[in-house]
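Since the structure comes first, as structure tokens, the remarks are kept for the end.
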There are 2 protein chains.
Amino acid sequence: MTISEENYIKVIYHLSLVSPKGVNTNAIAGMLDTKASSVTDMMKKLSDKDLVSYQKYQGVTLTEKGLHSAKMIVRKHRLWEVFLVDKLGFSWDEVHEIAEELEHIKSEQLINKLDAFLGYPAADPHGDPIPDAKGVIKKIEKQLLSEVEINASFHCVGVKDSSTDFLKYLDKQKIALGSVVKVIDKEDFDDTLTVEIDGKRLTISNKIANNLYVQ
Amino acid sequence: MTISEENYIKVIYHLSLVSPKGVNTNAIAGMLDTKASSVTDMMKKLSDKDLVSYQKYQGVTLTEKGLHSAKMIVRKHRLWEVFLVDKLGFSWDEVHEIAEELEHIKSEQLINKLDAFLGYPAADPHGDPIPDAKGVIKKIEKQLLSEVEINASFHCVGVKDSSTDFLKYLDKQKIALGSVVKVIDKEDFDDTLTVEIDGKRLTISNKIANNLYVQ
DNA sequence: TTTTATTTTTAGTTTTGTCTAAATTTAATT
DNA sequence: AATTAAATTTAGACAAAACTAAAAATAAAA
């Protein structure tokens, strides 16, 4: 499997989680910053290799084989992210790009030894679950901060949108995975929250609360 | 710089150490398992990028820029090898291939953080020196075991040929970097050595002794 | 249900890195 | 010094992965 093929498989996997009936050409092109025609070409190739099932104009889904490949790529990506943050001291907004490269390193032995070295982590630095060596993903039960009841306490366990801007905002406010959050008050007009994070009081917009997972 | 370009630069660097006057096309082709005509094509491209200086039929040498790039690739390769052996528990005959992939990961920050994480090692698991962030390589004074005087004691510090077969031989004989070697006797006829390694007596062919560096 | 708009695919090119086969240059030998 | 041998380069072709522009299919709107 080439790097390019792996990138297509990975994108189809992520889009499948949102639209499991079939992923359309334009969506893939958008994610990969390429053109729809290039996607069509690649779908034929991946279909020949039995990694996706594809019928003209009908969108694509991953085959069993393709799904497994996708999970292994995601596994590698997330394990490398843990390594970069826990061992090398990167902050969580810096690791995505580097992990995009590292996820294409081929050795299966490497990734399993890395997994052991890291202590078999369940989630990456953004709170996303890490598939095990067989591809099994343990679901992490979590709610968006925007949806929890008032006056209960939670732990931050992940982010929905992991764009650099959002992660930098969290860093600035000293919000990290594991931080304890308690919703003190919710404004009816615009859903702005007053929260207490690690004992510090903070006002948070609905957009922020809608991007932060708690448990 | 593409992965292919980096591989050419790296090979030219290694060949330059043996023939500093200029590396010839066929030698490069041999190392990269490609054809001489492909090498010629690539030399034009690398020359345009000012990474090598190249004149038809006259062989190539690295430019200042090319030399620096080569050292950075070697730095990455050897640091990753240290990581694989010291942190992940690979044996020294398993790491080369994986490091061949890892050496092409782009981030400079990554490699400097990795260097720090590993404790700024001076040499890789085969005893080869690791260039620092500026490209400076501290020479390791070393002699081939085949060339040392009888009855003196040394430490193993590296290997010349790091082929899998040779490394496996060393593993089998429990010879590792750091092992203490004392030459007891040398056969005049075929230069076979009788040595004591970590207290254990062993007979070693000249071919072996000629591949093992001591200090 | 036509017509229009959008999405997707086809057809034909481009670039990168490779190849083969032929031509050229350098090195070696007589 | 002329001839042969070896190494190197050119010319032309190919596969992978991308592109543009045009054609075809599907979805949306009148």
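Chain letters run A, B, ... following the sequence lines, proteins first, then strands; residues in each count from 1.
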Near DNA chain D, which residues from [range] have a heavy atom under 4.0 Å away?
range	value
residues 26-35 of chain B	Asn26(B)
residues 5-21 of chain B	none
residues 46-57 of chain B	Tyr54(B), Lys56(B), Tyr57(B)

Touch class at under 4.0 angstrom, heavy-atom based, for [X] against every strand present:
X	result
Asn24(B)	sugar-phosphate
Ser4(B)	sugar-phosphate
Thr25(A)	sugar-phosphate

query = Would you find a donor on one side and an acceptor on the other, under 3.5 Å apart, between the side chain of Glu94(B) and the backbone of Ser91(B)?
reply =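 Side chain of Glu94(B) to backbone of Ser91(B): a pair is present.
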
salt_bridge(Arg75(B), Asp115(B)) N-O dist < 4.0 Å =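 Yes, Arg75(B) and Asp115(B) are salt-bridged.
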
Check the side chains of [Y] and [X] for a donor-acceptor pair under 3.5 angstrom, ignoring hydrogens and angles.
X	Y	answer
Asp124(A)	Trp80(A)	no
Glu64(B)	His68(B)	no
Thr61(A)	Ser53(A)	yes
His96(B)	His126(B)	no
Asn7(A)	His104(A)	yes

request  = Not counting sequence neighbours, which residues clear salt bridge (charged side-chain N to carboxylate O under 4.0 Å, His left out) with Glu6(B)? List them please.
outcome  =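 Scan of Glu6(B) (salt bridge (charged side-chain N to carboxylate O under 4.0 Å, His left out), adjacent residues dropped) gives Lys106(B).
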
request  = Quick one: list whatever passes salt bridge (charged side-chain N to carboxylate O under 4.0 Å, His left out) with Glu100(B), sequence neighbours left out.
outcome  =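 Glu100(B): salt bridge (charged side-chain N to carboxylate O under 4.0 Å, His left out) contacts with Lys10(B).
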
task = Hey, could you give me the CD1/CD1 distance between Ile105(B) and Ile105(A), rounded to the nearest 0.5 Å?
result = 4.0 Å

task = Rounded to the nearest 0.5 Å, what's the gap from CG on Asp41(B) to OH on Tyr8(B)? Could you check?
result = 8.0 Å

ask   = If pairs are Watson-Crick or G-U with both distances under 3.5 Å, what is the dot-bracket string of DNA chain C, marking crossing pairs with [ ] and pairs to another strand with |?
value = ||||||||||||||||||||||||||||||

task = Looking only at side-chain atoms of Gln58(B), point me to the closest of dT26(C), dT8(D), dA18(D).
result =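 Of all the options, the side chain of Gln58(B) is nearest to dT26(C).
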
